[in-house]
Amino acid sequence: EDYFAQSNENSGSPLLYNPPSPQNSPGSESSTNAKLDHMNRASDLLMAVSIGADLNKNKIIEQAVEAMEELFKLAIMGEPLWQHNGNDGMETLNGFQYLREFGSFDATMEQIMRMVEVGEPQCFLSYDCNCNFDQDVPSSFSKLNFEPLNIETSRETAFVEMNPMNILQLLMDTKQWGTTFYSIVSRTTLLGVILENVDGSYNGVLQVMSAEFHQCTPLIPARQSYFARYCKKHTNGTWGVVDVSLENLFPYPQVQFRRRPSGCVIQEVGNRGSKVTWIEHVEVDNKSLHPLFRPIVSSGFAFSAKRWIATINRHCQWLTTSMARTAPTTDGVLIPQEGRGSLLKLAEKMTKNFFNNINSCSENVWSGLPQNFAAQDVRLRYGNILKVPGKPSGNIVIFTTSIQIPVPMEVLFDFLRHERTRNRWDLLSNQRHVRELVYVSNGENPGNQVSIMQVNLSPNKIEILYLQESYTDETGSYIVYAPMDIMAMSKILNGGNPKFVSILPSGFSIMPDKAPGQGDGAGGSILTLAFQSVDRLSNKEYMRPSTLKIIDAILSTTVASIKDAMLFGIR
C-alpha cells in the first residue's frame with residue numbers, strides 16, 4: 001500500500017534511531033554487530049570442523065551420541081521428571097529431577113540440592129526451568145562463577161499426518177527445514193557433514209548447522225545457535241533427530257543461547273502417519289527481552305515444543321489443501337484448478353515474505369521512531385528496492401509495533417480477519433463496503449483460509465482488491481494481506497505464475513500474553529501490527545519527516561481503532 005505517494009516533501013531526517021532502553025529490541029548498531037558476529041562464528045566453527053579434522057570431529061560425534069541417548073530418555077520418562085503447569089498447561093522439566101537423572105554433582109551442587117529440599121528459594125543459576133532470574137538467590141550460590149541463563153523446557157506429543165521418512169527429510173534437508181519452519185527459523189546454514197550414511201537414508205547422518213530462531217516481532221531478539229544435528233534409527237521403526245549446541249566444544253565469548261539436547265522422536269503409526277514427541281530444552285539470555293513479551297517468553301511457551309508440532313501440522317494441512325481438487329465456495333463461485341494452485345502459491349509467497357520481513361534475525365536492521373511521536377515501541381527499516389515495470393522504483397519501508405489487548409486470541413483473530421469488520425480498522429477501507437469474493441478453506445477451522453476481498457468506494461466502482469491468508473492454532477494466529485492489481489489477480493486466477501507478481505504484505509501476528517495454565521483468569525493477547533509501503537523520495541540514509549509522520553499516524557490510528565473495537569464491544 002503506497003501510503004507515502006501523496007507527500008512531496010524532500011527535506012531529510014536521519015532514519016537511524018537506536019531505542020534508548022536496553023530492554024527494547026536491538027537497534028541498528030547491535031543488529032549489525034550481531035550479523036558480523038554470526039559470520040565470524042560460522043567461519044570459526046567451519047574451520048574447526050573441516051580443518052581440525054579427527055580430534056574435533058570425534059568430540060562432536062561423542063556429544064551427539066550422548067545427546068541422542070538423553071533425548072530418548074526424555075521422550076519416554078514421565079513424572080516426576082516432567083510436570084504439567086496447571087490443568088491445561090504444557091509439560092516442563094523439573095530442574096532438580098533433571099539434574100539427578102542427567103547432571104553431575106559436586107559438593108556445592110549437593111549443598112544447593114539440600115537447601116532446596118528444605119524449602120529455600122528454587123530459582124537459581126541456569127539449572128531451574130522456565131524461571132525468571134531477576135529474583136534474589138541465596139548468597140551461597142555466588143561462588144559458582146558463571147553467568148546465569150534462563151532455561152526453557154517443554155514437551156509435546158501429537159499425531160502428524162505424514163510418514164516418518166518425509167518428516168526426516170523436512171528436518172535433515174537444511175533448505176526444506178528453513179522453508180517449512182519459516183515462522184520459527186531463519187538464516188539456516190549447513191556448515192559441514194561429519195557422518196554420512198552410505199545407503200542414502202538419514203540413519204547415522206550427523207551434520208553441523210547454524211540458524212537463528214525467532215518470533216514474528218523485532219521486539220523479541222532472535223536466538224543464534226551453532227549445533228550438531230544427528231539422526232538415528234532405533235528399534236520398531238522409531239527414529240530420533242537431536243540437536244545439541246557446540247559452544248561447549250568450541251567456546252566463544254558472550255554466548256547468549258545454547259541448545260541442550262532437543263529434537264523429536266518419531267514413531268510410525270500404521271499407514272496413517274506418525275506419532276511425534278518433540279522436546280525443547282534451551283538456555284537463553286533474556287535480559288534484552290522487551291517487557292511486553294517477558295511473561296510469555298520466560299514461560300517457555302513462545303519457543304515451545306508445541307509450536308514446532310503445530311508448524312508441522314500446518315504444513316501437512318497446506319499440502320492437503322494444495323493437492324485437493326477445486327470445489328465451489330458456499331456462494332457457488334468456482335475457481336479453475338490452475339487458478340486455485342496459483343492463488344495458493346501466491347498466498348504462500350506473501351505469508352513467507354511477511355514473516356521474513358518482520359522477524360528480528362541479524363539481516364533485518366531495525367531502528368526506532370524518535371520519542372516525540374505518538375506510537376509506542378515502533379520499529380522500522382528499509383527493505384529491498386521495489387521495481388515494477390512502468391513505474392518508478394522505490395524503497396520498501398517496513399514498520400511495526402506490538403501492543404497488549406485484554407481479549408482472548410480467538411476474538412481478536414476473528415475481528416481482524418473478517419470482511420464485515422475490516423472497515424473498522426483498515427484506513428483504506430474506512431467507511432467502505434468490503435466483500436469477500438472467493439476463498440479457499442485450509443482445514444476444518446473456518447478461520448483458516450485464503451481469500452480475495454474487494455473494497456468498493458461506490459456500488460459500481462472497485463477501488464482495491466486484497467489477497468488475504470488467515471490462520472490460527474493454539475500457539476498463535478496471523479492475518480496477512482496485500483493489495484492486488486485487478487489485472488494481476490485476473491492472471492493468477494487463470495493459472496498465471498506467481499513468481500512474476502510483486503506483492504507487499506502487511507498484517508498481524510497474535511500470540512497469547514501468557515502460557516496456558518499460567519496464572520489465574522482468562523488470558524489476553526499480544527498483537528503485532530506490521531505494514532509495508534513504497535517510499536520513492538527517501539533512501540536508506542535519510543527518511544523524510546513527512547514519512548515518519550505518516551508511519552506514526554498509520555500505527556497510532558490503527559492501534560486506537562482496534563482497541564476501541566475490542567474494549568468497547570464494537571465487534
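Nothing here was measured: the structure is a model prediction, and the numbers come from that model.
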Requested in this report: For Ser506 and Phe354, work out which heavy atoms get closest and say how close.
Outcome: C-CE1, 3.7 Å
Requested in this report: Working to the nearest 0.5 Å, report the span between OG1 of Thr217 and CG of Asp377.
Outcome: 9.0 Å
Query raised in the report: Is the backbone of Phe415 close enough, under 3.5 Å, to the side chain of Thr421 for a donor and an acceptor to pair up by distance?
Result: yes
Report summary line: For Glu436 and Tyr439 the tightest heavy-atom approach is OE1-CD2, 3.5 Å
Query raised in the report: Can you check whether Trp425 and Phe508 have ring centres sitting under 6.0 Å from each other?
Result: yes
Requested in this report: Could you give me the CA-CA distance, side-chain angles and deciding distance for Ser298 and Asn286, then say whether side chain to side chain contact (heavy atoms under 4.5 Å, CB included) is met?
Outcome: CA-CA 8 Å; Ser298 296; Asn286 280 333; 4.1 Å; yes
Query raised in the report: Does His281 offer a backbone N or O that forms a donor-acceptor pair with the side chain of Ser262 under 3.5 Å?
Result: yes
Query raised in the report: Does any N or O in the side chain of Ser360 come within less than 3.5 Å of the main-chain N or O of Ile220, such that one atom is a donor and the other an acceptor?
Result: yes
Query raised in the report: In terms of the angle between their ring planes, are Tyr98 and Phe102 parallel, tilted or perpendicular, with boundaries placed at 30° and 60°?
Result: tilted
Query raised in the report: Would you say the side chains of Thr238 and Asn236 form a donor-acceptor pair under 3.5 Å?
Result: no
Query - Validation row: Glu156, Trp308 side chains within 4.5 angstrom (heavy atoms) - result: no
Query - Check: Thr400 side chain, Arg379 main-chain N or O, donor-acceptor pair, under 3.5 Å - result: no
**Report entry** Residue pair Val65 / Glu69, side-chain heavy-atom distance below 4.5 Å
**Finding:** yes
Requested in this report: Report yes or no: does Arg424 contribute a side-chain atom to a donor-acceptor pair with the main-chain N or O of Ser561 at less than 3.5 Å?
Outcome: no
Requested in this report: Decide if atom CD of Gln176 counts as having more than 12 heavy atoms of other residues, nucleotides or ligands within a radius under 6.0 Å.
Outcome: yes
Query - Minimum heavy-atom distance Met350-Leu467, with the two atoms named - result: SD-O, 3.6 Å
Report summary line: Here the pair of heavy atoms bringing Ser245 nearest to Ser225 is OG-OG, 3.6 Å
**Report entry** Non-hydrogen atoms of Ala324 and Gln337 that approach each other most closely
**Finding:** O-NE2, 3.2 Å
**Report entry** Check: Gln207 side chain, Met172 main-chain N or O, donor-acceptor pair, under 3.5 Å
**Finding:** yes
Query raised in the report: When Ile167 is tested against each of Val241, Val276, Thr180 for side-chain contact (heavy atoms from CB on, under 4.5 Å), which residue passes?
Result: Val276
Query - Sole candidate of Val559, Leu412, Ile526 that passes side-chain contact (heavy atoms from CB on, under 4.5 Å) when paired with Ile405 - result: Leu412
Report summary line: Distance col, row Thr157:OG1 vs Ile309:CD1, nearest 0.5 angstrom, shows 7.5 Å
Query raised in the report: Lys349 side chain to Val501 main-chain N or O, any donor-acceptor pair under 3.5 Å?
Result: yes
Requested in this report: Evaluate the criterion side chain to side chain contact (heavy atoms under 4.5 Å, CB included) for residue pair Leu171 and Arg229; output intermediate values, then yes/no.
Outcome: CA-CA 9 Å; Leu171 299 175; Arg229 175 164 289 178; 4.3 Å; yes
Report summary line: In this structure, CG of Asp473 is separated from CZ of Arg307 (nearest 0.5 Å) by 10.0 Å
**Report entry** Within 6.0 angstrom of Lys352 NZ, more than 12 heavy atoms from elsewhere
**Finding:** yes
Query raised in the report: Would you say the side chain of Ser477 lies within less than 4.5 Å of the side chain of Met409, judging by non-hydrogen atoms?
Result: yes
Query raised in the report: Which is it for Leu319 and His315 under the side chain to side chain contact (heavy atoms under 4.5 Å, CB included) test, yes or no, and what are the steps along the way?
Result: CA-CA 6 Å; Leu319 291 178; His315 176 70; 3.6 Å; yes
Query raised in the report: Partners of Phe355 by ring pair (Phe, Tyr, Trp, His ring centres under 6.0 Å), sequence neighbours excluded?
Result: Tyr182, Tyr478
Query - Pairwise side-chain contact, Tyr471 with Asn445, heavy-atom cut-off 4.5 Å (strictly under) - result: no
Requested in this report: Can you sort out the partners of Thr351 under side-chain hydrogen bond (donor to acceptor under 3.5 Å, both in side chains), two or more places apart, ordered by chain and number?
Outcome: Glu469
Requested in this report: Measure the NZ-CE distance between Lys306 and Met90 for me, rounded to the nearest 0.5 Å.
Outcome: 8.5 Å
Report task. Could you tell me the separation between the OG atom of Ser183 and the CD1 atom of Ile358, rounded to the nearest 0.5 Å? Result -> 13.5 Å
Query - Stepwise side chain to side chain contact (heavy atoms under 4.5 Å, CB included) test for Leu344 and Trp318 - result: CA-CA 9 Å; Leu344 291 174; Trp318 187 260; 3.8 Å; yes
Query - Any side-chain heavy-atom pair of Gln83 and Gln97 under 4.5 Å - result: no
Query raised in the report: Between the side chains of Asn357 and Arg381, does any donor sit under 3.5 Å from an acceptor?
Result: yes
Query - Side-chain heavy atoms of Phe257 within contact of Gln224, under 4.5 Å - result: no
Requested in this report: Examine distances only and state if a side-chain atom of Ser299 and a backbone atom of Ile296 form a donor-acceptor pair shorter than 3.5 Å.
Outcome: yes
Query - Any side-chain heavy-atom pair of Thr472 and Asn448 under 4.5 Å - result: yes
**Report entry** For Arg223, the option from Glu280, Glu212, Glu152, Glu283 that meets salt bridge (Lys or Arg N to Asp or Glu O under 4.0 Å)
**Finding:** Glu152
Query raised in the report: If you measure from CD1 on Ile184 to CZ on Phe303, what distance do you get to the nearest 0.5 Å?
Result: 9.0 Å
Query raised in the report: Hey, is the main chain of Gly273 close enough, under 3.5 Å, to the side chain of Glu161 for a donor-acceptor pair?
Result: no
Query raised in the report: Any chance NZ of Lys233 has more than 12 other-residue heavy atoms, nucleotides or ligands included, within less than 6.0 Å?
Result: no
Query raised in the report: Do any N or O atoms from the side chain of Trp278 and from the backbone of Ala158 form a donor-acceptor pair under 3.5 angstrom?
Result: no
Query raised in the report: Step by step, would you call Tyr466 with Asp426 a side chain to side chain donor-acceptor pair (under 3.5 Å)?
Result: CA-CA 12 Å; Tyr466 282 118; Asp426 181 13; 2.9 Å; yes
**Report entry** Side-chain heavy atoms of Ser154 within contact of Phe301, under 4.5 Å
**Finding:** no
**Report entry** Which atom of Ser525 lies closest to which atom of Ile510, heavy atoms considered
**Finding:** CB-CG2, 3.9 Å
